[in-house]
Amino acid sequence: MSVDTATVKKVASLARIAIDDAAAERLVPELNNILGWIEQLGEVDTQGVEPMTAVIPNTLRLREDVVTDGGIRDAVLANAPAAEHGFFTVPKVIE
Amino acid sequence: MSALTDLGIREIRDGVRAGTFSAREVAEAFNAAVAAAKPLNAFLVETPDHALAAADAADGARAAGEALGPLAGVPIGMKDLFCTKGVTSTAASHILEGFTPPYESTVSQKLWDAGAGMLGKLNMDQFAMGSSNETSAFGNVISPWRRSDGGNAALAPGGSSGGSSAAVAARIAPGATGTDTGGSIRQPAAFTGISGIKPTYGRCSRWGVIAFASSLDQAGPMARDVRDCAIMLETMAGFDAKDATSLDLPVPQWESMLDAGLKGKRVGVPKEYRVDGMPAEIEALWQQGIAWMKDAGAEVVEVSLPHTKYALPAYYIIAPAEASSNLARYDGVRYGQRDLPDGANLQQMYAATRAAGFGDEVKRRILIGTYVLSAGFYDAYYTQAQKVRTLIARDFAAVWEKCDVLLTPTAPSAAFALGEKQADPLAMYLNDVFTVPASLAGLPAMSVPGGLDAAGLPLGLQIIGKPLDEQGVLNAALAIEERAGFAARPEAWW
Amino acid sequence: MTVMQPSDTYRIKGATGDWEVVIGLEVHAQVTSNAKLFSGAATAFGAEPNTQVSLVDAAMPGMLPVPNRECIRQAVRTGMAIDAQINKWSRFDRKNYFYADLPQGYQISQLYHPLVGEGSIEIEDGETVKTIGVERIHVEQDAGKLMHDQHPTRSYVDLNRSGVALMEIVSRPDMRSPAEAGAYLRKLRAILRYVGSCDGNMEEGSMRADVNVSVRKPGEEFGTRTETKNVNSVRFVMAAIEHEASRQVDVLEAGGKIVQETRLFNPDTGTTRSMRSKEDAHDYRYFPDPDLLPLELDDAFLAECRASLPELPDAKRQRYEGLGITPYNADVLTAEVETARWFDALLEAGVAPVAASNWVTGELFGALNRIGKGIEESPVTPGQAAELLALVADGTLSGSLAKQVFEVMLETGEAPGRIVEERGLKQTSDTGAIEAVIAEVLAKNPNQLEQYRAGKEALFGFFVGQTMKAMGGKANPQVVNELLKKALAS
Ligand SMILES: [Mg+2]
Ligand SMILES: [Zn+2]
């Protein structure tokens, strides 16, 4: 599988990274080089092999249902590029 | 320069305890060394006051006859991947420029609680993606090492923990934190002639560490020798309920259990690590390492890890996939930089913010990660990579029937010059060929200096251990350290 | 175009013939819990913006999720309540997309291995019972809230809801009419409220439905569906289906094609429209969340979940019917968990089930309706009601006296016994007293007595009325009847 300019643009759009045509074209051989190399994995016979879920045997711990957090609006908003009236703000969204 | 900066962690700790010198004197000496080492560009933020405050607390406690913490009076450098309360934390990316966490990572908090002080935040590859420290948004870290040919080529300190390796090697910090996703502690340690250990996945909490690839990221210490690593790791490790992947196990007393005698131990040498085009010097060092292991009483056995070849491509699917998702939160809404072109809507703001904020390598990996997870490709790439990862872990599990630790080179070459490999991302990725397999299997692994190459640059040997057997790794590394007698250090040119 | 009832043959009459509607519902139900699914922030409704937000919910760098046991437990109990497969091994996946209400840039959800698998819910439509398949229930995070009308050029982001636990309950496309969809939603809501895993409060957004609708000619393959997002009342769901199905028929009959898309329902106009903001979000790049390990449940955990399940609506209704209660009353008494709880308390106090069911569905509901209160705020407790019904059963109160006493109970909240005592409302069965009054009545009405004895037996009711009146309504009517017959015969 190799990518073309249109695919690179589509992937960049999915990843929300603006790229211009020149950048997309530059990325095509770069990504194909990497992807071509990655594809050697296809050689490996993985029939009946479970995908890795936990590298070191361990099980998911569950928390108790207790309120231990929140009430820190100032800290939550402290680094926001734009905030007002206790909200983060973004360009108006039309749903 | 004051001899105090020549001291390692253990010497500082013991000296402060004994009253040989004050913690403040140590902090002042290192603060001065940091301030004088700007050409290395190892520090993104200097925090001399933090170091002094911790030192004063240590001196005060000693004067009052109170018990001293295990790292009382030891100033360290903190990789900028760790969020530190009130001190900007950027992962060396523009997108987080100015971000001041209102929280402290678990690992850094443990270090402060143990009495350590912070000299500053260390430069690194952006979001820990890189092997040469050339992807930092705030300039390359320059290795303190230079080739003995008299040339002044600026060398890579390795990456991604390149600020950490440079600072420790240059004696401007006695120890530093690193993080290792595919080799980011071990490879820079090897490049700069210091020691560094990546513990078993889950030993150190990931809470408050800016994520690169969650299933691989592990914090660990970088220091001048094995013992200093053991001391630091004891403080950094430990169960944390805030990290669901944290191991709920007691932290062993690694320092007091150090033992360089390897009688009765079997050291495996994996034949698949003998890769094409490996420089003769690396091969020679490896053979030397084998001889040292035998000298220490170990039996050396050749073993096979048949899927080794596939570790790197699997890694370059899994890590970018996780990263593409982990880095989705950098969108210019809640923190960091926002780029809002005139008339842009929300989605355009995201795209502009992320285009301006992320460096090229970060973008490259996000794109690869996005691609391999996208509709139609997920199974062929991601699922297949996770299956290969299972096979790699099985390879290791099978090998532990035959040996206790593995010995390999850490990196396929000594430090290269900055700019030398930047044009070819793939050539750069190949740097991690020896370190990535242990990362994929979550195993403890360490790099320890073994010698110098013909150009006078350090080379490292890697010890890989069984799950949770950091002690076995540290002990084997100590055996090498004692025999290598590695005393070379970069001459200060900065 | 006209819409035909009843629902089992619900068809849309188009120009080209009849169309069948195929409906599947994805219900998002907020899990009842104190804290969020992956953080310790509170879940309470209506707090000031961003005050119930932890650093995890705001997706600060390096923050990590740790799951809340209670949320898992409630989802498991819900699965058990619909007889579903409970998966002892499940895991969380990330659903990746960019939106201002989604701080992480992904939602932690479950795609590949959900906590709960196949189950089913029975709905009734008149005499017929229909089984609606439930494909799965998975646990996931809610998003934050965007406000678009606070500022001319900006939207405001409130993350209070961000990270609240949801169960997504995904039905099979088994419904064929708006009425069936309505019945399914009401039944599901009842089950959730019985189980206590969701408060079912649709106004506060605790329960909302994504409505998948397609149309087809009967017997043909499924058509392309649209998904109308976040519809927040049973009525709106039914209206959205009706509108969306008609729209699709119009499009198809005009030679057009249905686009698989996300739509929004406008309650003011009763119509749906395409949702612009989600246009290109179809590649979610799901993969297992590497911050979390697989969720493995042990037998003890599952046993506790099962043991803690209450009697559910269907079982309860059957039990009530077994007590002789009419199917209609049993249905009414089990529809809402509060009613059922109230009635069960009444039964526990030892009342006769049938009389009690009639009294609750008649007297009590009528009174509550009149004073505009729900049964959970009834001024009369089940204990007091039981006492009242006991006073009727043992003859202390007649039906009409009981009504009087109940009115006082509603107003004052006092116990019936005390009301009877204080106001002297006790019914008398004292034969001596009644006989004396009867003698008086007969003496006062010689003409009627004569006519009665001459064969005009209809006058019996007259004597009963006179006797009761003379006793202020407190005589036991049965005793009056008996004694009167005796007196008149002598
Ligand atoms: Mg949906
Ligand atoms: Zn959902």
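Residue numbers start from 1 in every chain, and the chains themselves are labelled A, B, ... in the order their sequence lines are given, proteins ahead of strands. Keep in mind that what you see is a predicted model, and the values were worked out from it rather than measured.
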Residue B:Ala385 versus chain A: region with a heavy atom under 4.5 Å: both
Check: B:Gln218 side chain, B:Cys204 main-chain N or O, donor-acceptor pair, under 3.5 Å: yes
NZ/A:Lys10: more than 12 non-hydrogen atoms of other groups inside 6.0 Å: no
Residue A:Ala78 versus chain B: region with a heavy atom under 4.5 Å: neither
Polar side-chain atom of B:Arg354 near backbone of A:Ala15 as donor-acceptor pair, under 3.5 Å: yes
Heavy-atom proximity to chain A below 4.5 Å, by part of B:Leu430: side chain
Option that, when pairs with chain A are counted at under 4.5 Å, heavy atom only, ranks first among B:Gly336, B:Ser215, B:Ala351: B:Ala351
Closest-packed option against chain A by number of heavy-atom pairs under 4.5 Å, given B:Lys309, B:Arg334, B:His307: B:Arg334
Salt-bridge contact B:Arg203-B:Glu470 (side-chain N to carboxylate O under 4.0 Å): yes
Heavy-atom pair of closest approach, residues B:Thr370 and A:Leu14: CG2-CB, 3.9 Å
Donor-acceptor under 3.5 Å (B:Gln384 side chain, A:Val44 main chain): yes
Donor-acceptor under 3.5 Å (B:Thr200 side chain, B:Leu468 main chain): yes
Heavy-atom pair count under 4.5 Å with chain B, highest-scoring of A:Val11, A:Leu41, A:Thr89: A:Leu41
Choice from B:Tyr382, B:Tyr429, B:Phe239 maximising heavy atom contacts with chain A below 4.5 Å: B:Phe239
Residue A:Asp45 versus chain B: region with a heavy atom under 4.5 Å: backbone
A:Asn58, part contacting chain B, at a heavy-atom distance under 4.5 Å: side chain
Heavy-atom pair count under 4.5 Å with chain B, highest-scoring of A:Pro81, A:Ala82, A:Ala83: A:Pro81
Contact class of B:Ala352 relative to chain A, heavy atoms under 4.5 angstrom: backbone
Segment of A:Ile56 engaging chain B (4.5 angstrom heavy-atom cut-off): side chain
Under 4.5 Å from a heavy atom of chain B, the part of A:Glu50 involved: backbone
Which atoms of B:Leu426 approach chain A - backbone, side chain, both or neither, heavy atom under 4.5 Å: side chain
Structural part of B:Thr245 lying under 4.5 Å from a heavy atom of chain A: backbone
Heavy-atom proximity to chain A below 4.5 Å, by part of B:Asp424: side chain
Which atoms of A:Thr53 approach chain B - backbone, side chain, both or neither, heavy atom under 4.5 Å: neither
Sidechain N-carboxylate O distance under 4.0 Å for B:Asp217, B:Arg206: no
Contacts table for residues 310-320 of chain B: side-chain donor-acceptor under 3.5 angstrom, sequence neighbours left out:
{"residue": "B:Tyr310", "atom": "OH", "partner": "A:Glu43", "partner atom": "OE1", "Å": "2.5"}
{"residue": "B:Tyr315", "atom": "OH", "partner": "B:Gly182", "partner atom": "N", "Å": "3.4"}
{"residue": "B:Tyr316", "atom": "OH", "partner": "B:Asp432", "partner atom": "OD2", "Å": "3.3"}

Proximity breakdown for A:Ile38 and chain B, heavy-atom pairs closer than 4.5 Å: both
Pairs of heavy atoms under 4.5 Å with chain A: top-ranked of B:Leu367, B:Leu443, B:Leu340: B:Leu367
Heavy-atom proximity to chain A below 4.5 Å, by part of B:Asp339: neither
Main-chain N/O of A:Met52 paired to B:Arg389 side chain as donor or acceptor, under 3.5 Å: no
Whether B:Phe396 and B:Trp400 hold their rings parallel, tilted or perpendicular, with breakpoints at 30° and 60°: parallel
Identify all side-chain donor-acceptor contacts of residues 99-106 of chain B below 3.5 Å with residues at least two apart in sequence or on another chain.
{"residue": "B:Thr100", "atom": "OG1", "partner": "B:Gly98", "partner atom": "O", "Å": "3.3"}
{"residue": "B:Tyr103", "atom": "OH", "partner": "C:Pro61", "partner atom": "O", "Å": "2.5"}
{"residue": "B:Glu104", "atom": "OE1", "partner": "B:Lys85", "partner atom": "N", "Å": "2.9"}
{"residue": "B:Glu104", "atom": "OE2", "partner": "B:Ser108", "partner atom": "OG", "Å": "2.6"}
{"residue": "B:Glu104", "atom": "OE2", "partner": "B:Trp112", "partner atom": "NE1", "Å": "2.8"}
{"residue": "B:Ser105", "atom": "OG", "partner": "B:Ser108", "partner atom": "N", "Å": "3.1"}
{"residue": "B:Ser105", "atom": "OG", "partner": "B:Ser108", "partner atom": "OG", "Å": "2.6"}
{"residue": "B:Thr106", "atom": "OG1", "partner": "B:Asp240", "partner atom": "OD2", "Å": "2.6"}

